[in-house]
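Written out below as structure tokens is the structure these notes cover.
Everything quoted here is computed from the prediction, not taken from an experiment.
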Amino acid sequence: MISVCLTTYNGEKHISEQLHSILCQLSDSDEIIISDDGSIDKTLDIIQSYNDDRLKLFLHKKDNNFPNYSFYKITKNVENALIHANGDLIFLADQDDIWIPTKVQSVIHEIGDNLGLLHDCIVVDENENIIQTSYYKQNKSNSGVILNIFNSSYLGCCMVIKRELLAKALPFPSHPVPHDIWLGLIADCMGKMKMIDNKLIKYRRHGANLSTSSEKSQASLLYKFNYRTNIIKALLLRVIFGK
């Protein structure tokens with residue numbers, strides 16, 4: 001069984017296109033777990049209009065802890081979706097991207113006995129004009145725990161994990177750590193993270209994006225130091241001490 005964990009917040013403009021690109025690749029026994037972070041536009045109305053049993057909507061109470069780390073509210077919303085997922089193979093998805101029609105088939109073929117898989121993507125703008133033909137190339141993506149602490153390749157919407165990984169990764173750390181970096185590093189520490197070159201989504205970048213994953217960081221040196229310290233501390237506590 002496949003679970004797609006899709007997080008939403010005021011995504012009315014692109015959510016229908018994304019849902020269509022996903023649903024056509026799923027079987028009747030699969031599911032899309034949607035965790036909404038308090039949308040005040042028509043996002044929920046659009047989702048409910050599908051009347052599809054595979055869509056399972058959960059409302060998430062926005063977490064305002066760690067206001068200096070804007071990604072934290074996304075992390076907690078993703079965690080809420082993962083908690084409700086029932087599948088053996090779990091895809092992460094953003095509300096405004098578009099899946100390439102061969103995505104699910106390609107992942108099933110490639111993942112093997114790995115606990116996680118990361119694929120490349122095409123970066124596009126609001127109107128699907130290509131910004132970058134390869135996120136990997138733009139980001140200088142590579143494998144390895146140390147490399148990914150300092151330059152993360154783990155883009156959540158390009159990640160797929162197996163249920164076994166959740167036993168180690170959940171709950172997410174109390175320290176503010178991005179969900180995709182956390183899942184990728186845990187899988188990498190277990191020697192079970194695979195990177196493939198297949199470009200399996202159109203990754204849309206526009207002014208309303210909650211994540212700034214494809215953009216150069218403008219954060220201060222102090223912020224970057226504290227950010228990476230949080231990641232290393234949380235990783236050591238979980239991997240070595242199981243906390």
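Note: the hydrophobic cluster containing M190 also contains I240 (ILVMFWY, side chain heavy atoms under 4.5 Å, direct or indirect links). Transitive grouping of hydrophobic side chains (ILVMFWY, heavy atoms separated by less than 4.5 Å) keeps I161 and M1 in distinct clusters. Under the 4.5 Å side-chain heavy-atom criterion for Ile, Leu, Val, Met, Phe, Trp and Tyr, I186 and I74 are members of the same hydrophobic cluster. A continuous path of hydrophobic side-chain contacts links Y227 to Y72 [ILVMFWY only; heavy atoms under 4.5 Å]. Taken together through direct or relayed side-chain contacts under 4.5 Å among Ile, Leu, Val, Met, Phe, Trp and Tyr, I108 and I32 form part of one hydrophobic cluster.
Taken from CZ in F150 to CD1 in I231, the straight-line distance is 9.5 Å, to the nearest 0.5 Å. Interatomic distance, CG of D52 versus CG of L19, reported as 9.0 Å (0.5 Å rounding). Q95 contributes atom CD, which lies 10.0 Å from atom OH of Y9 (distance to the nearest 0.5 angstrom). Note: R228 CZ to N230 CG = 11.5 Å, rounded to the nearest 0.5 Å. Separating the CG atom in N77 from the CG atom in L59 is a distance of 10.0 Å, to the nearest 0.5 Å. To the nearest 0.5 Å, the span separating CG on L222 from OG1 on T229 amounts to 9.5 Å.
Heavy atoms of other residues, nucleotides or ligands lying less than 6.0 angstrom from CD of E128 number more than 12. Atom NZ of K13 sits in a sparse spot, with 12 or fewer heavy atoms from other residues, nucleotides or ligands closer than 6.0 Å. Heavy-atom neighbours of D45 CG from other residues, nucleotides or ligands within 6.0 Å: above the threshold of 12. The environment of D197 atom CG is sparse: at most 12 non-hydrogen atoms of other residues, nucleotides or ligands sit within 6.0 angstrom. The local environment of CZ in F225 is sparse, with at most 12 non-hydrogen atoms from other residues, nucleotides or ligands closer than 6.0 Å.
Taking the six-membered ring where tryptophan is involved, the planes of Y203 and Y135 are perpendicular, since the angle between them exceeds 60° and thus also 30°.
A distance-only check finds a donor-acceptor pair linking the side chain of Y50 to the backbone of S16 [under 3.5 Å]. With hydrogens and angles disregarded, no donor-acceptor distance shorter than 3.5 Å links the side chain of R163 to the backbone of I90. Between the T75 side chain and the H179 main chain, a donor and an acceptor come within less than 3.5 Å of each other. In this structure, the side chain of Q25 engages the main chain of K103 through a donor-acceptor pair within 3.5 Å.
Between P171 and E79, some side-chain heavy-atom pair lies under the 4.5 Å cut-off. Residues K76 and H60 meet the side-chain proximity criterion, which asks for heavy atoms closer than 4.5 Å.
When all heavy atoms are compared, the tightest approach of I33 to A85 is CG1-CA, 3.9 Å. Of all non-hydrogen atoms in M195 and S141, the two that sit nearest each other are CE-CB, 4.1 Å. Considering all non-hydrogen atoms of both residues, R204 and D96 come closest at NE-O, 2.7 Å.
With salt bridges taken as basic N to acidic carboxylate O contacts below 4.0 Å, none links K202 and E17. In summary, R54 and D30 do not engage in a salt bridge, as defined by a charged side-chain N under 4.0 Å from a carboxylate O.
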